[in-house]
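Letters A, B, ... are given to chains in the order of the sequence lines, protein chains preceding strands, and every chain is numbered from 1.
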Number of protein chains: 2
Amino acid sequence: MNSQFGERIRTLREKQNLYLRQVAPLLEMDTAQLSKIEKGVRQIKKEQIPILADILKTEKDELLILWLADQLYDVVKDEKLATEAMQVAEKKINLINRKKK
Amino acid sequence: MNSQFGERIRTLREKQNLYLRQVAPLLEMDTAQLSKIEKGVRQIKKEQIPILADILKTEKDELLILWLADQLYDVVKDEKLATEAMQVAEKKINLINRKKK
DNA sequence: GGTATATTTGTCAATACTTGACAAGTCAAT
DNA sequence: ATTGACTTGTCAAGTATTGACAAATATACC
């Protein structure tokens with residue numbers, strides 16, 4: 001389980017019976033790139049997520065959450081203190097969100 | 001509140017009555033760099049954290065957690081779905097940690 | 001005012017990292 | 001052994017980050 005985003009879009013693509021060769025051009029990339037994205041070797045650009053959501057007929061938000069989660073995971077994946085760091089970060093986010101109201 | 005790490009080390013440095021000019025050379029950087037790190041404009045290198053913890057007579061883990069939290073925060077700071085993404089990431093971390101046992 | 005010390009800000013070349021593009025590879029089906 | 005789908009490797013080009021320095025600002029003291 002290397003990339004939740006990648007796994008998800010592969011599942012969705014297969015569900016739609018689409019080949020890499022069909023999807024890649026819509027994102028203006030080659031199949032090699034898209035293959036790597038699905039495998040989690042490379043990251044898709046944030047701006048491409050809505051396009052992909054359309055193609056795969058799924059919610060943009062669902063994909064964005066998974067994509068962000070992958071980025072977050074990347075930061076702390078080998079850290080003993082991952083959970084603690086996440087808690088601190090979360091606290092800060094909640095603080096900011098409260099302010100925005 | 002731009003960088004929890006930066007704020008913390010500034011507080012600690014001041015508590016020790018140290019000047020940037022005194023601390024910076026110990027980290028092999030100039031005061032300008034360290035100033036930016038304290039302000040959260042730039043990031044310190046992970047490997048420098050233990051050195052800094054020694055200088056500031058604090059726990060390496062405390063600083064590392066704050067530093068990681070800053071990196072995490074950076075990923076999702078402008079995201080409506082920040083909290084959701086954090087939850088997904090956390091779930092994955094817990095899953096992996098359980099496996100490691 | 002002027003000087004000194006501490007910190008901050010701006011700039012920019014050097015370095016490091018990521019991406020795009022292509023070629024060559026594997027794998028499965030026929 | 002050919003075809004189609006996908007994967008992997010490589011590397012130049014494009015981006016981003018860092019290190020180093022100069023200059024600016026801030027504060028305190030005389």
Side-chain angles (χ1 to χ4, degrees), chain A residues 1-52 55-56 63-64 66-79, chain B residues 1-52 55-56 63-64 66-79:
Chain A
M1 203 227 266
N2 208 9
S3 155
Q4 305 199 69
F5 178 85
E7 282 180 15
R8 184 72 184 122
I9 63 170
R10 169 144 301 185
T11 304
L12 288 167
R13 178 174 63 80
E14 286 169 347
K15 221 180 268 171
Q16 303 276 335
N17 291 307
L18 294 168
Y19 298 127
L20 289 179
R21 144 175 83 75
Q22 299 175 284
V23 176
L26 300 174
L27 297 164
E28 299 180 85
M29 59 175 72
D30 68 4
T31 61
Q33 258 178 102
L34 187 50
S35 167
K36 282 170 191 168
I37 288 166
E38 288 188 349
K39 301 229 128 195
V41 177
R42 290 210 184 169
Q43 302 286 345
I44 202 172
K45 282 197 201 122
K46 209 186 146 200
E47 312 86 69
Q48 296 176 307
I49 295 175
I51 304 168
L52 193 53
I55 300 168
L56 301 178
L63 294 189
L64 181 56
L66 292 177
W67 183 84
L68 288 169
D70 281 351
Q71 320 293 308
L72 289 171
Y73 181 72
D74 236 40
V75 172
V76 291
K77 60 176 168 235
D78 300 318
E79 298 293 341
Chain B
M1 205 226 265
N2 209 8
S3 154
Q4 305 200 69
F5 178 84
E7 282 181 16
R8 184 72 183 121
I9 64 171
R10 168 144 302 186
T11 304
L12 288 168
R13 179 175 61 81
E14 286 170 349
K15 221 181 267 175
Q16 303 276 334
N17 290 307
L18 294 169
Y19 298 127
L20 289 179
R21 149 175 79 77
Q22 299 175 286
V23 176
L26 300 173
L27 296 163
E28 298 181 85
M29 59 176 71
D30 66 6
T31 60
Q33 261 179 99
L34 187 51
S35 167
K36 283 170 190 167
I37 288 166
E38 288 188 349
K39 302 228 125 191
V41 177
R42 288 209 187 170
Q43 302 285 345
I44 203 171
K45 281 196 202 122
K46 208 185 146 200
E47 312 85 71
Q48 296 176 307
I49 295 176
I51 304 167
L52 193 52
I55 299 168
L56 300 178
L63 294 189
L64 181 57
L66 291 178
W67 183 86
L68 288 169
D70 281 350
Q71 321 292 308
L72 289 171
Y73 180 72
D74 237 40
V75 171
V76 291
K77 60 175 167 234
D78 299 318
E79 298 293 341

Minimal heavy-atom distance between B:Trp67 and B:Ile44, with the atoms involved, is NE1-O, 3.1 Å
Heavy atoms of A:Val75 and B:Leu68 approach each other most closely as O-CD2, 4.1 Å
Atom of A:Ser35, atom of A:Leu20 and distance for their closest heavy-atom approach | CB-CD1, 3.8 Å
Sorted by number, the residues of residues 9-25 of chain A with heavy-atom contact under 4.0 Å to DNA chain D | A:Arg10, A:Arg13, A:Tyr19, A:Leu20, A:Arg21
Every protein N/O within reach of nucleotides 13-23 of chain C N/O, cut-off under 3.5 Å:
{"from": "C:dG20", "atom 1": "OP1", "to": "A:Lys45", "atom 2": "NZ", "distance (Å)": "2.8"}
{"from": "C:dG20", "atom 1": "OP2", "to": "A:Gln33", "atom 2": "OE1", "distance (Å)": "2.7"}
{"from": "C:dG20", "atom 1": "N7", "to": "A:Arg42", "atom 2": "NH1", "distance (Å)": "2.5"}
{"from": "C:dG20", "atom 1": "O6", "to": "A:Arg42", "atom 2": "NH2", "distance (Å)": "2.6"}

Under a 4.5 Å cut-off applied to non-hydrogen side-chain atoms, are B:Lys46 and B:Leu64 in contact?
-> yes
Reckon B:Ser35 has a side-chain N or O less than 4.0 Å from the OP1 or OP2 of C:dT7?
-> no
Can you tell me if CD on B:Glu14 sees more than 12 non-hydrogen neighbours from other groups inside 6.0 Å?
-> yes
Let me know the distance between NZ of B:Lys39 and P of C:dT8, rounded to the nearest Å.
-> 5 Å
Determine whether B:Met29 and B:Ile37 make a side-chain contact, defined as any pair of heavy atoms from C-beta on separated by less than 4.5 Å.
-> yes
Just checking, any donor-acceptor pair under 3.5 angstrom between side chains of B:Gln71 and B:Gln43?
-> yes
Verdict with reasoning, B:Leu12 to B:Ile55, per side-chain contact (heavy atoms from CB on, under 4.5 Å) = CA-CA 10 Å; B:Leu12 288 168; B:Ile55 299 168; over 6 Å; no
Spacing of A:Leu34 atom CG relative to D:dA5 atom C1', expressed in whole Å | 12 Å
